[in-house]
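If you're wondering where the values come from, they're calculated on a predicted model, not measured in any experiment.
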4 protein chains.
Amino acid sequence: MARPSRWDDVVRSAARVFRRRGFARASLEEIADELGMWKGSLYNYISSKEDLLVAVVKVPAERLIADVRTIRDGEGTPEEKLRAIVRCHVDVLVDIYDFAAVYLYEAAASDLGEQWRETDREYTSAIQGVVEAGIAAGDFRGDRDPHLMTMTLLGALNWLTRWWNPQGDLGPEAVTDQIADTVIHGFAVPAPVTAQT
Amino acid sequence: MARPSRWDDVVRSAARVFRRRGFARASLEEIADELGMWKGSLYNYISSKEDLLVAVVKVPAERLIADVRTIRDGEGTPEEKLRAIVRCHVDVLVDIYDFAAVYLYEAAASDLGEQWRETDREYTSAIQGVVEAGIAAGDFRGDRDPHLMTMTLLGALNWLTRWWNPQGDLGPEAVTDQIADTVIHGFAVPAPVTAQT
Amino acid sequence: MARPSRWDDVVRSAARVFRRRGFARASLEEIADELGMWKGSLYNYISSKEDLLVAVVKVPAERLIADVRTIRDGEGTPEEKLRAIVRCHVDVLVDIYDFAAVYLYEAAASDLGEQWRETDREYTSAIQGVVEAGIAAGDFRGDRDPHLMTMTLLGALNWLTRWWNPQGDLGPEAVTDQIADTVIHGFAVPAPVTAQT
Amino acid sequence: MARPSRWDDVVRSAARVFRRRGFARASLEEIADELGMWKGSLYNYISSKEDLLVAVVKVPAERLIADVRTIRDGEGTPEEKLRAIVRCHVDVLVDIYDFAAVYLYEAAASDLGEQWRETDREYTSAIQGVVEAGIAAGDFRGDRDPHLMTMTLLGALNWLTRWWNPQGDLGPEAVTDQIADTVIHGFAVPAPVTAQT
DNA sequence: GATGAATGAGGCTTCATTCAT
DNA sequence: CATGAATGAAGCCTCATTCAT
């Protein structure tokens with residue numbers, strides 16, 4: 001499916017506008033304006049506004065799910081894997097901020113169909129798989145709900161799009177380390193109390 | 001300035017529709033339909049659609065900020081206070097789910113003006129104050145960014161509106177305890193390693 | 001037809017609002033607000049918005065037509081009568097400015113029905129009668145169209161509502177004298193040229 | 001900034017409807033109907049209803065102000081200049097009746113902003129300049145208020161839109177001559193009385 | 001591929017008017 | 001007479017989408 005040459009520009013512009021204004025508020029005219037074209041011309045690239053949303057959302061979704069699959073199926077302790085997942089998430093924000101923000105905040109609100117929900121479910125359950133492996137290995141507490149644990153991590157990560165400026169003082173490494181540390185220590189089985197007396 | 005009698009119904013209906021469809025996608029006709037009135041009649045209560053959003057958002061915002069102020073200024077260790085903050089947040093979700101979801105997902109996207117941002121800032125900084133007190137007391141790690149810590153907690157809490165069903169199997173107490181435990185352990189200064197050898 | 005006690009207040013308020021905003025732009029709510037009542041309450045006095053316009057317009061219309069009839073049928077030369085007509089017009093502006101402005105600018109735009117047009121025609125033709133009497137008496141030029149002469153006078157007078165402030169520096173007497181002089185000299189048969197050589 | 005092709009049609013249609021119904025009462029649907037388009041399509045040409053009013057009003061305003069400047073700055077006695085101004089005004093009514101009527105009756109009622117008031121002031125003061133030149137030359141009476149004189153002329157001219165039918169029996173030349181004569185004689189210093197005895 | 005105008009549905013908002021209390 | 005809520009029609013405006021050039 002050979003896309004016309006400016007296809008990438010179109011999607012990038014859509015990502016920017018969707019993040020800034022939200023999908024519902026964004027108008028195709030705004031996107032066309034950014035590209036210096038007329039809104040009618042966009043229909044040489046898409047057949048509906050939703051096409052654009054799907055295209056935008058695909059970028060971080062495919063990258064994240066590929067990364068998380070690789071991590072899940074690769075070597076390393078559950079702790080190391082969680083840390084790697086956090087790093088991927090933060091990297092995505094650094095690399096393709098607009099796309100990621102749209103992915104996290106607009107995709108759920110719009111109804112992108114079954115295929116979309118399936119992808120989302122797989123992403124979540126891949127992370128949850130790591131969490132459950134940690135529990136099984138005795139590293140993470142077994143008295144917690146694994147889904148809640150997974151969502152706690154995802155919430156902390158996704159909220160970054162609301163407040164974090166990747167170009168600001170707090171760099172990606174610090175964010176990665178600190179969130180990963182917090183979650184890993186938060187999940188960990190506590191050190192035996194008897195040892196401290 | 002006594003509000004007309006069905007004011008509460010109007011706001012409740014708006015909260016429901018705004019949560020379901022998002023502010024931008026929601027139509028006043030839908031809200032009016034729920035109330036069994038004509039859309040024009042809504043203007044006996046408001047003077048714009050945004051007024052409704054403000055009214056909806058005010059409910060959880062005022063409750064949360066009042067609660068968190070009380071907690072911050074009250075008795076207790078930082079740990080106890082963080083746990084109390086988590087409980088309040090979860091309680092709000094249980095009590096006024098639609099309002100809370102709108103508050104967390106629509107308020108930021110729409111531009112509700114300076115007063116709104118001020119409230120939001122105060123809420124965040126009240127929680128951050130507790131976090132910093134914990135650091136000062138030596139309970140929480142001093143090598144972390146307090147703002148990032150605060151946002152990690154808020155992200156985990158706010159993400160609940162995306163997946164948690166308060167009427168489901170995982171009850172409010174479990175959610176409160178587990179999120180609070182995760183965050184508190186995640187923030188805590190680790191037990192001295194020497195004790196374990 | 002005994003009117004309720006605040007009827008006069010209602011009409012006065014309507015005149016004020018209609019002048020300020022124009023009949024079509026004016027809302028009953030604005031009028032009610034000025035009176036400190038609710039817009040629904042106005043319907044204790046009227047049965048439609050147009051009723052208010054009719055009531056407002058009636059005041060200057062009846063006064064002007066009565067005055068002009070009296071003048072036309074009274075004693076005096078056509079010149080004196082024209083001067084008296086101008087004075088009446090200016091007096092109306094001084095006494096009931098809002099009513100007069102509405103009468104002159106809103107009545108024609110709205111369609112107030114046949115009775116209204118009849119009144120308007122009679123007013124015009126009464127003035128035109130004076131003009132024609134002046135022509136017949138040899139005071140005014142016979143080579144002019146009497147209707148155009150009449151409308152020239154009325155235009156000059158009615159335009160006052162667009163620029164003149166009765167409370168300003170240029171007093172009613174000056175306005176009366178100068179407009180009357182201009183028109184009377186403008187209408188007059190010129191002095192024989194031969195006399196000047 | 002080439003205007004789309006039907007721009008002139010749109011403005012002409014707007015002028016017609018605005019004159020017929022008044023700006024406030026006119027609906028965009030009516031204008032669109034005249035053009036055989038949908039009301040939404042009008043927004044390819046304008047961005048608000050008021051834009052249309054501005055566009056309509058600009059036509060006679062610019063023509064009149066250009067004409068009156070040329071006359072003021074050209075050759076001729078004040079009398080000749082006043083007569084030329086009257087002719088321009090009447091010509092505008094003949095040529096672009098709808099536009100002129102809207103200009104005279106709707107522009108003042110709507111609030112078209114400072115630029116508009118500035119134009120109006122300049123037009124008036126250009127005419128007043130001619131009047132004052134006539135006074136200075138000793139042709140027009142010095143015991144009159146020049147602004148009142150100017151407004152007397154403008155009132156007589158503008159009132160034409162209320163009653164005169166340019167296609168009727170009373171032709172443009174007659175109207176021009178008679179109004180100009182009336183005003184000029186009305187303004188003129190009276191012939192010395194002594195000559196007549 | 002781009003253009004620029006048109007489409008047509010739908011949304012927010014206003015407002016004269018009604019009505020039960 | 002006043003109240004205050006509701007009605008229902010209509011208006012302005014937006015915008016995704018289409019289409020002939």
Taking side-chain hydrogen bond (donor to acceptor under 3.5 Å, both in side chains) as the test, write out the residues that go with B:Asp111, two or more places apart. B:Arg117

Nearest whole angstrom, please: distance from the C1' of E:dG10 to the CD of B:Glu30. 13 Å

Ring centers of A:Tyr105, B:Tyr105 separated by less than 6.0 Å: yes

Is any side-chain N of the basic residue among C:Glu106 and C:Arg25 closer than 4.0 Å to the acidic one's carboxylate O? no

For E:dA2, take OP1 and OP2 only and decide whether either is under 4.0 Å from a side-chain N or O of A:Asn44. yes

Counting primed atoms, P, OP1 and OP2 as sugar-phosphate and everything else as base, the B/S/- map of nucleotides 11-17 of chain E against protein heavy atoms under 4.0 Å is SBBBBBB

Report yes if at least one side-chain N or O of A:Trp38 is closer than 4.0 Å to OP1 or OP2 of E:dA2; otherwise report no. no

B:Tyr97 versus B:Thr161, closest heavy-atom pair with distance: OH-O, 3.0 Å

Atom pair distance, as rounded to whole Å: CG in A:Asp51 and P in F:dA16: 13 Å

Determine the stems involving DNA chain E; a stem requires 3 or more consecutive pairs of the Watson-Crick or G-U wobble kind, each with both distances below 3.5 Å, and the answer is none if no such run exists. E:2-21 with F:2-21

D:Asp120: what forms a side chain to side chain contact (heavy atoms under 4.5 Å, CB included) with it, not counting sequence neighbours? D:Tyr103

For D:Glu34, what residues pass the side-chain hydrogen bond (donor to acceptor under 3.5 Å, both in side chains) criterion, not counting sequence neighbours? D:Ser13, D:Arg16, D:Arg20

To the nearest Å, give me how far apart CE (D:Met37) and P (F:dT18) are. 20 Å

With a 6.0 Å cut-off (strictly less than), is the heavy-atom count around CD of C:Gln115, excluding the residue itself, greater than 12? no

Is the terminal nitrogen or CZ of A:Lys49 (NZ for Lys, CZ for Arg) located under 6.0 angstrom from the six-membered ring centre of A:Phe23 and within 45° of that ring's axis? yes

Rounded to the nearest Å, what distance is computed from the CG atom of residue C:Asp9 to the P atom of nucleotide F:dC1? 12 Å

Partners of A:Asp95 by salt bridge (charged side-chain N to carboxylate O under 4.0 Å, His left out), sequence neighbours excluded? A:Arg63

What is the distance, to the nearest angstrom, from the CG atom on A:Leu42 to the P atom on E:dG4? 14 Å

note: D:Trp7, atom CH2; E:dG4, atom C1'; distance rounded to Å ~ 16 Å

Any side-chain N or O of B:Arg6 under 4.0 Å from OP1/OP2 of F:dG4? no

